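In this chain, numbering begins with 1 at the start of the sequence shown. Note that the structure is predicted; figures quoted are calculated from it, not measured.
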Amino acid sequence: MDLSVVILVEFLYAIASLILISAGLAVIFGMMKVINLAHGEFMMMGGYATITAVNAGVNIFFAMLVIAPITIGLIGLIIERLIIRRLYGRLIDTMLATWGLSLFFIGLAKMIFGNTTTGVSTPIPGLSIGDYQINGYNFFIIIIGFIVLALMLFVLKGTRAGLIARGTMQIPEMAAALGCSPDRVYLVTFFCGAALSGLAGAILAPLVGLTPSSGATYIAEAFITVIAGGPALIIGLLSSASFFGTINQLFTFAISPIVGEVMLLVSAVILLRLLPQGITSKFFKGKF
């Protein structure tokens with residue numbers, strides 16, 4: 001029984017981690033069709049924002065949940081105004097521009113923080129479940145991951161702002177004719193996507209040693225999860241994160257964590273070969 005609880009927690013942790021890693025990209029790429037190759041660097045900067053704030057004496061939870069997402073969201077505002085706003089609808093151009101931004105942020109982080117590994121301690125101690133020890137911080141990640149998903153669903157489906165954002169992404173001319181400013185909607189949406197990326201980097205920072213190149217760790221999994229989810233943003237994110245998280249943990253428990261990561265990528269290749277338009281192109285049609 002105790003082992004079953006531990007395994008369940010680890011599976012939920014893997015799913016929640018993928019949701020966090022992919023949520024910001026789901027907004028910027030899934031909704032806005034901007035191929036953001038700097039997504040990993042947004043996460044990296046969220047981690048550094050948290051570590052810097054904690055070292056300055058700020059409460060770690062406030063640093064992770066408030067300071068990091070707002071800071072990276074504001075950086076996203078600047079990027080959107082100066083660069084991205086001129087590139088909407090030009091996928092290759094956005095890919096090249098954000099790749100350049102990725103290299104810029106890596107170099108900037110090296111100048112400011114150096115090329116050494118830094119980090120912050122997890123604020124929640126380990127827990128005992130029978131004869132087994134489990135990282136208590138995993139529960140926090142599970143809770144935050146599913147709260148983020150629920151808030152995204154509520155905002156996009158249950159609020160006027162979410163309805164305007166969805167409509168603008170689909171037909172900006174119609175939104176403008178109805179009195180909405182597509183320019184402003186794009187700006188706010190990009191801010192939210194960048195803030196979610198910063199939040200993910202901040203939440204995961206206590207678990208890993210952070211370096212300026214840490215963003216590369218997340219970019220492949222984020223794109224795989226968003227693309228495999230298909231056209232339905234929320235249910236697609238949940239279904240692909242659940243599928244890949246389950247595959248990862250199955251092979252991690254059976255063999256090793258490295259094999260788990262490899263099999264995640266292999267399963268992504270197979271899934272996209274069978275369902276090139278993503279999971280929700282065939283299943284959960286009509287869902288959001």
Is atom [atom1] of [X] surrounded by more than 12 heavy atoms (other residues, nucleotides or ligands) closer than 6.0 Å?
{"X": "Leu274", "atom1": "CG", "result": "yes"}
{"X": "Arg184", "atom1": "CZ", "result": "no"}
{"X": "Tyr186", "atom1": "OH", "result": "yes"}

May I ask you to test the [X]-[Y] pair for a side-chain heavy-atom distance under 4.5 Å?
{"X": "Phe42", "Y": "Leu196", "answer": "no"}
{"X": "Leu77", "Y": "Phe190", "answer": "no"}
{"X": "Ile7", "Y": "Gln249", "answer": "no"}
{"X": "Ile51", "Y": "Phe113", "answer": "no"}
{"X": "Leu272", "Y": "Ile224", "answer": "no"}
{"X": "Ile258", "Y": "Met263", "answer": "no"}
{"X": "Phe11", "Y": "Leu250", "answer": "yes"}
{"X": "Leu101", "Y": "Asn36", "answer": "no"}

*Can you find a side-chain donor-acceptor pair between Thr211 and Ser214 that sits under 3.5 Å?*
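A donor-acceptor contact under 3.5 Å links the two side chains.
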*Among side-chain atoms of Tyr88 and Glu80, is any donor-acceptor pair under 3.5 angstrom?*
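Short answer, yes.
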If you compare all heavy atoms of [X] against all heavy atoms of [Y], which two are closest, and at what distance to 0.1 Å?
{"X": "Gln277", "Y": "Pro231", "answer": "O-CD, 3.5 Å"}
{"X": "Ile19", "Y": "Ala241", "answer": "CG1-CB, 3.7 Å"}
{"X": "Gly145", "Y": "Leu20", "answer": "CA-CG, 3.9 Å"}
{"X": "Pro212", "Y": "Met44", "answer": "O-CE, 3.5 Å"}
{"X": "Ile141", "Y": "Ala16", "answer": "O-CB, 3.6 Å"}
{"X": "Phe191", "Y": "Gly73", "answer": "CD1-O, 3.0 Å"}

Between atom [atom1] of [X] and atom [atom2] of [Y], what is the distance when rounded to the nearest 0.5 Å?
{"X": "Leu151", "Y": "Leu156", "atom1": "CG", "atom2": "CG", "value": "10.5 Å"}
{"X": "Ile235", "Y": "Ile279", "atom1": "CD1", "atom2": "CD1", "value": "9.5 Å"}
{"X": "Thr94", "Y": "Leu37", "atom1": "OG1", "atom2": "CG", "value": "8.0 Å"}
{"X": "Ser197", "Y": "Leu25", "atom1": "OG", "atom2": "CG", "value": "7.0 Å"}
{"X": "Ser22", "Y": "Leu238", "atom1": "OG", "atom2": "CG", "value": "11.5 Å"}
{"X": "Leu96", "Y": "Ile35", "atom1": "CG", "atom2": "CD1", "value": "9.0 Å"}

Donor-acceptor pair, [X] side chain versus [Y] backbone, under 3.5 Å?
{"X": "Thr280", "Y": "Leu233", "result": "no"}
{"X": "Ser240", "Y": "Thr225", "result": "yes"}
{"X": "Thr98", "Y": "Met95", "result": "yes"}
{"X": "His39", "Y": "Ile21", "result": "yes"}
{"X": "Thr252", "Y": "Asn248", "result": "yes"}
{"X": "Tyr137", "Y": "Ile203", "result": "yes"}

*Apply side-chain contact (heavy atoms from CB on, under 4.5 Å) to Leu65 and Leu199, showing your working.*
CA-CA 6 Å; Leu65 301 176; Leu199 174 66; 3.9 Å; yes
*asked:* Assess the residue pair Phe139 and Val9 against the criterion (side-chain contact (heavy atoms from CB on, under 4.5 Å)); give the C-alpha distance rounded to whole Å, side-chain angles, the decisive distance to 0.1 Å, and a yes or no.
replied: CA-CA 8 Å; Phe139 289 98; Val9 170; 3.8 Å; yes
_Phe140 and Phe61: CA distance, side-chain angles, deciding distance, ring pair (Phe, Tyr, Trp, His ring centres under 6.0 Å) verdict_ = CA-CA 11 Å; Phe140 178 70; Phe61 291 106; 5.4 Å; yes
*How does the hydrophobic cluster around Val155 look, that is, which other residues are in it when side-chain heavy atoms under 4.5 Å mark a link?*
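Other cluster members: Phe154.
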Please answer: with hydrophobic residues joined when any side-chain heavy atoms are less than 4.5 Å apart, are [X] and [Y] in the same cluster?
{"X": "Leu12", "Y": "Leu149", "value": "yes"}
{"X": "Val148", "Y": "Leu237", "value": "yes"}
{"X": "Phe105", "Y": "Ile84", "value": "yes"}
{"X": "Ile92", "Y": "Ile79", "value": "no"}
{"X": "Leu204", "Y": "Val54", "value": "yes"}

*With side-chain contact (heavy atoms from CB on, under 4.5 Å) as the test, would you mind laying out the steps for Lys157 and Arg166 before giving the verdict?*
CA-CA 9 Å; Lys157 284 278 285 185; Arg166 290 160 52 202; 3.9 Å; yes
*Between Glu221 and Glu261, is a side-chain contact (heavy atoms from CB on, under 4.5 Å) present by the stated rule, with each step listed?*
CA-CA 9 Å; Glu221 291 182 353; Glu261 292 292 330; 2.6 Å; yes
